[in-house]
Number of protein chains: 2
Amino acid sequence: MTAYEHLLKYDIKPSSQRIVIMDYLLNNRTHPTSNEIYNALKDDNPTLSKTTVYNTLKLFEEKGAVLNLSIDEKNAHFDGDTSDHAHLICTQCGKIVDMEITMAPKVCNDMGCEIHQTHIYMKGICGECKKVN
Amino acid sequence: MTAYEHLLKYDIKPSSQRIVIMDYLLNNRTHPTSNEIYNALKDDNPTLSKTTVYNTLKLFEEKGAVLNLSIDEKNAHFDGDTSDHAHLICTQCGKIVDMEITMAPKVCNDMGCEIHQTHIYMKGICGECKKVN
DNA sequence: TTTTAATTTGTAATCGTTACAAATTTATAA
DNA sequence: TTATAAATTTGTAACGATTACAAATTAAAA
């Protein structure tokens with residue numbers, strides 16, 4: 001699916017900035033921060049503003065088009081893949097990698113809560129860092 | 001278990017500040033922020049410094065004596081209960097409530113990752129807010 | 001004691017994020 | 001098309017949680 005189609009699917013008017021940002025998220029599975037997205041895009045989009053990247057990601061999140069991973073205390077990381085999967089943040093290199101969930105966790109819900117989103121994340125050492133050491 | 005014993009268990013030298021902070025965490029299951037802890041304690045502990053609360057919580061986290069919940073993008077919340085359980089943050093009132101996990105999630109690990117901590121958190125509406133509306 | 005190490009404290013700095021208002025672009029109406 | 005309104009983008013300034021740092025205090029060791 002193109003970024004353009006993805007935006008329409010989530011009821012977001014596809015401006016050129018929004019397309020470029022969504023396109024980056026869909027094609028870079030690195031769970032980037034706002035700043036990383038801005039730095040990656042600014043050369044090809046010289047008029048792009050950092051504020052626009054922040055605003056746009058907030059809009060995407062509100063519309064459900066991206067996930068805001070609060071896995072890292074320092075920065076918000078974003079994921080264009082909104083399907084069910086878990087994340088591991090490597091405490092050595094800081095990379096965030098996707099992990100497949102093979103069994104959904106059952107959570108006791110007798111308090112009458114209404115669950116909208118479930119996040120699973122892990123802290124540990126990623127495969128690459130393990131190989132090196 | 002007293003705060004004092006809890007500290008010893010995690011190999012933390014029990015200074016008076018550390019005891020007071022750990023005691024608050026063990027007896028208040030509200031998942032407070034650093035600031036909330038500081039504000040709750042400062043009247044009875046007039047010389048307590050905000051920096052000490054931050055430093056102490058970081059130490060607790062490193063020693064594994066508390067969990068740092070990065071469930072909320074704005075502030076770090078701390079949990080003195082390090083046993084396996086999930087959290088729900090209410091998108092209406094902001095409260096964080098404990099939830100019991102009845103089935104542990106199985107996460108695909110064929111990349112050779114080493115998992116140290118697993119966090120599960122949900123976003124939604126808590127029971128109290130549901131009752132009101 | 002005296003000396004050293006550990007802990008605590010207050011202030012200042014850092015930095016990710018947001019508020020705000022102006023500028024620009026896009027949509028709508030005449 | 002042109003005029004007007006609405007939406008979006010932009011840059012700057014402010015905010016606020018957290019941390020760096022060095023001095024002050026406390027605890028431990030000699």
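Numbered from 1 within each chain, the chains take letters A, B, ... in sequence-line order. The figures here come from the full heavy-atom set of this structure, side chains too, leaving out hydrogens, waters and symmetry mates.
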Exercise for the section: Check whether the side chain of A/T56 and the base of D/dT9 form a donor-acceptor pair under 3.5 Å. Expected result: no
Fill in the blank from the handout: Rounded to whole Å, CG of A/N75 lies from P of D/dT19 at a distance of 12 Å
Completion exercise
Taken to the nearest whole Å, CD/A/E36 to C1'/C/dT17 is 15 Å
Exercise for the section: Could you check how far NZ of B/K63 sits from P of C/dT7, rounded to whole Å? Expected result: 9 Å
Handout entry: Separation of atom CD in B/Q17 from atom P in C/dG10, rounded to whole Å
Key = 11 Å
Practice task
Run the ring-centre check on A/Y121 versus B/H119 and record whether the distance is less than 6.0 Å.
Solution key: yes
Fill in the blank from the handout: The residue among A/D79, A/I37, A/N39 that forms side-chain contact (heavy atoms from CB on, under 4.5 Å) with A/P32 is A/I37
Practice task
Using only heavy-atom distances, decide whether a donor-acceptor pair under 3.5 angstrom links the side-chain of A/T51 to the base of D/dT12.
Solution key: yes
Handout entry: Length of the line joining A/Y38:OH and C/dC15:C1', which is rounded to integer Å
Key = 16 Å
Exercise for the section: Give the nucleotide from the list C/dT8, C/dG16, D/dT10 with an atom nearest to the side chain of A/N55. Expected result: D/dT10
Fill in the blank from the handout: Rounded to whole Å, the NE2-C1' distance (A/H77 to C/dT17) equals 14 Å
Practice task
Would you classify B/T33 as touching base, sugar-phosphate or nothing, given that sugar-phosphate means primed atoms plus P, OP1 and OP2, and contacts are heavy atoms under 4.0 Å?
Solution key: nothing
Practice task
Just compare C/dT18, C/dG10, D/dT10 and give me whichever is closest to any side-chain atom of B/S49.
Solution key: C/dG10
Fill in the blank from the handout: A/Y54 has its side chain closest, among D/dT9, C/dT9, C/dT18, to C/dT18
Practice task
Starting from P on D/dA17, measure out to CZ on B/F78 and report it in whole angstrom.
Solution key: 13 Å
Practice task
Output the single nucleotide from D/dT9, D/dA7, C/dT9 whose closest atom is nearest the side chain of B/T52.
Solution key: C/dT9
Exercise for the section: Using a 4.0 Å heavy-atom cut-off across all strands, classify A/N35 as base, sugar-phosphate, or nothing. Expected result: sugar-phosphate
Practice task
Evaluate the side-chain proximity of B/N68 to A/E73: yes if any heavy-atom separation is below 4.5 Å, no if none is.
Solution key: yes
Fill in the blank from the handout: By nearest-nucleotide position on DNA chain D, the 5'-leaning member of B/S34 and B/K13 is B/S34
Exercise for the section: Applying side chain to side chain contact (heavy atoms under 4.5 Å, CB included), run through A/K50 and A/N35 and close with a yes or a no. Expected result: CA-CA 7 Å; A/K50 200 179 273 196; A/N35 240 319; 3.3 Å; yes
Practice task
Between C/dT7, C/dG16, C/dT9, spot the one nearest the side chain of B/R18, thanks.
Solution key: C/dT7
Practice task
Give a yes/no answer on whether the side chain of A/K58 brings an N or O atom under 4.0 Å of OP1 or OP2 in C/dT18.
Solution key: yes
Handout entry: A/S15 side-chain N/O to C/dT25 phosphate OP1/OP2 under 4.0 Å
Key = no
Problem - Proximity to the side chain of B/K74 - top-ranked nucleotide from C/dT18, D/dT9, C/dA27 - result: C/dT18
Handout entry: Pair B/Y54 and B/Y38, ring centroids less than 6.0 Å apart
Key = no
